[in-house]
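Values reported hereafter were calculated over all heavy atoms of this structure, with side chains retained and with hydrogens, waters and symmetry mates removed.
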Amino acid sequence: MRYAAIDIGSNAVRLLIADIIQNNDIVSFKKNTLVRVPLRLGDDAFIDRKISEPKAVDLVKTMSAFRNLMDVYRVSEYMACATSAMREAENGGVLVNEIKDTGIDLQIIDGSEEARIIYSSHIEQHLGNKKAYLYIDVGGGSTELSVFADTKLVASASFNIGTIRILDNQDKEETWEEMKTWVNTHTRMFKAVYGIGTGGNINKLSRLASDKEDKPISYAKLKSLHEYLSSFSLKDRINVLGLNNDRADVIIPACEIFLTLMKYGHLRQIIVPRVGLVDGIIQTLIDKHLLPTLQETAISR
């Protein structure tokens, strides 16, 4: 059995095809194929409030290719979500209808739904009892924040601050202030707050910092990485450090967002489980289609 997840983000469009593994009452998944196409829809959406015709054509072509790949892999269930770029594009609804003609039903989701789906990838496994966490997901157009205490969700919010938005000078000072106030309000009652970070950029930074998944990155280490990466020109970050073209520029503002939030919340370190929206989508599909069946089976025994 295979499920698929499509994430239409501000920087890139992703397709994850996953093999579903069922072992008695436990269901998990293994990543089979991941395709990433750097369309960078945010450049259009955040400046012109509209996806341009050339990028709209590329997006529809990409969705058609994804539909064909899902058919070849015999995917039984899928879910396609678009985030902040499509949320802000005036022609987002028109594009949803054009994409439907390729055989893909696309949902434009808000920030809270985006956060909920990412939580579905079992972020709670990384939470210790009697500890407080600031969960940070940084995308091209928005940053989703949540505070957990004793493994329970205390509060969550979405802010229009993202890597593409910063590169295009579309971030606003008042939004930074709102985010600072929100973090201070929801973390100041805790003695110590730990960080959890998700998103393509922090995943890459985690790999640069250490080969080990889940190994925390300290504030000092992240600051050092930021200084190191910033010492290279964009061209050298691509040619010397080997970063992808569409990662080499956004990784700097991503560092700045994480460092700023770590300052706001007085975080000494941040855990990086290396999951994203596509992982959460697959888990959401499992929760919807397989877990109810397993529960019914367990009751009938």
Side-chain angles (χ1 to χ4, degrees), residues 4-18 31-47 51-52 54-55 57-59 61-63 65-66 69 81-86 114 118 136-143 161-171 197-213 215 217 221-222 224-259 270 272-281:
I6 294 173
D7 166 19
I8 299 179
S10 305
N11 190 32
V13 177
R14 297 173 182 82
L15 166 69
L16 171 63
I17 295 175
K31 296 179 183 182
N32 181 309
T33 301
L34 178 65
V35 181
R36 183 178 182 275
V37 183
L39 293 185
R40 195 157 283 194
L41 302 178
D43 280 338
D44 289 351
F46 305 142
I47 296 174
I51 306 298
S52 65
K55 287 198 177 181
V57 168
D58 285 347
L59 177 59
K61 284 180 178 177
T62 301
M63 291 301 102
F66 283 4
L69 274 173
C81 298
T83 56
S84 56
M86 289 281 279
E114 183 179 354
I118 296 169
I136 307 164
D137 180 76
V138 173
S142 63
T143 295
I161 290 174
T163 57
I164 303 293
R165 212 181 284 270
I166 290 172
L167 287 177
D168 292 338
N169 294 313
Q170 296 301 305
D171 57 313
T198 58
N201 287 296
I202 195 68
N203 290 348
K204 183 63 181 177
L205 289 163
S206 171
R207 289 184 178 92
L208 291 171
S210 169
D211 289 333
K212 293 181 180 178
E213 188 174 335
K215 184 176 180 182
I217 305 175
K221 180 65 178 178
L222 188 57
S224 174
L225 268 174
H226 177 253
E227 290 168 356
Y228 173 71
L229 292 167
S230 299
S231 70
F232 289 84
S233 67
L234 174 61
K235 185 177 178 182
D236 284 345
R237 287 199 293 272
I238 295 167
N239 296 329
V240 178
L241 299 182
L243 296 179
N244 290 341
N245 291 28
D246 65 308
R247 180 70 67 205
D249 55 354
V250 293
I251 201 164
I252 301 297
C255 269
E256 291 162 1
I257 295 171
F258 277 103
L259 285 169
I270 188 164
V272 184
R274 297 184 191 174
V275 297
L277 186 63
V278 286
D279 302 85
I281 290 173

request  = Apply the test side chain to side chain contact (heavy atoms under 4.5 Å, CB included) to residues Leu241 and Tyr228: give CA-CA distance (whole Å), side-chain angles for both, the deciding distance (0.1 Å), then the verdict.
outcome  = CA-CA 11 Å; Leu241 299 182; Tyr228 173 71; 3.4 Å; yes
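- When all heavy atoms are compared, the tightest approach of Ser10 to Gly141 is OG-N, 3.4 Å.
- Taking every heavy atom of both residues into account, Ser84 and Arg165 meet most closely at CB-NH2, 4.4 Å.
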request  = Test Asp168 against Ile164 for side chain to side chain contact (heavy atoms under 4.5 Å, CB included), laying out the working first.
outcome  = CA-CA 6 Å; Asp168 292 338; Ile164 303 293; 3.5 Å; yes
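- The minimum heavy-atom distance between Cys81 and Ile281, with the atom names listed, is SG-CD1, 4.0 Å.
- Remark: Arg14 pairs with Asp7 by the salt bridge (Lys or Arg N to Asp or Glu O under 4.0 Å) rule, at least two apart or across chains.
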key: Test side chain to side chain contact (heavy atoms under 4.5 Å, CB included) applied to Phe66 and Val37, step by step   = CA-CA 11 Å; Phe66 283 4; Val37 183; 4.3 Å; yes
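- Across all non-hydrogen atoms, the minimal contact from Thr83 to Gly9 is OG1-CA, 3.6 Å.
- Not counting sequence neighbours, the partners of Asp249 by the salt bridge (Lys or Arg N to Asp or Glu O under 4.0 Å) test are Arg40.
- Side chains of Pro253 and Glu256 form a contact here, defined as non-hydrogen atoms less than 4.5 Å apart.
- Summarising the geometry, atom CD1 belonging to Ile51 is positioned 9.5 Å from atom CG belonging to Asp43; distances are rounded to the nearest 0.5 Å.
- Distance check, rounded to the nearest 0.5 Å: SG of Cys255 to CG of Leu205 gives 4.0 Å.
- Interatomic distance, Arg36 CZ to Asn244 CG, rounded to the nearest 0.5 Å: 6.0 Å.
- To the nearest 0.5 Å, atoms CG (Leu243) and CD1 (Ile251) are separated by 5.5 Å.
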message = Between Lys55 and Leu39, does the side chain to side chain contact (heavy atoms under 4.5 Å, CB included) criterion hold? Intermediate values first, please.
response = CA-CA 7 Å; Lys55 287 198 177 181; Leu39 293 185; 5.7 Å; no
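- Taking each heavy atom of Ala5 and Val278 in turn, the nearest pair found is CB-O, 3.5 Å.
- Note that CD1 of Ile161 is 6.5 Å distant from CG of Asp171, once rounded to the nearest 0.5 Å.
- Of the candidates Thr198, Asn203, Asp137, Val275 forms a side chain to side chain contact (heavy atoms under 4.5 Å, CB included) with just one, namely Thr198.
- The residue from Leu59, Asp58, Asn11 that alone fulfils the side chain to side chain contact (heavy atoms under 4.5 Å, CB included) condition with Leu41 is Leu59.
- Lys31 is listed as a side-chain neighbour of Leu16, based on a closest heavy-atom distance under 4.5 Å.
- In this structure, the side-chain contact (heavy atoms from CB on, under 4.5 Å) partners of Ala82, at least two apart in sequence or on a different chain, are Ile8, Met86, Leu106, Ile108.
- For the pair Arg237 (side chain) and Phe232 (backbone), a donor-acceptor distance under 3.5 Å is present.
- Side-chain contact check for Ile257 versus Ile166: some heavy-atom pair is nearer than 4.5 Å.
- Taken from CG in Leu277 to CD1 in Ile6, the straight-line distance is 11.5 Å, to the nearest 0.5 Å.
- When all heavy atoms of Ala45 and Ala85 are compared, the closest pair comes out as CB-O, 3.2 Å.
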query = Stepwise, does the salt bridge (Lys or Arg N to Asp or Glu O under 4.0 Å) test hold for Asp279 with Arg274?
reply = CA-CA 10 Å; Asp279 302 85; Arg274 297 184 191 174; over 6 Å; no
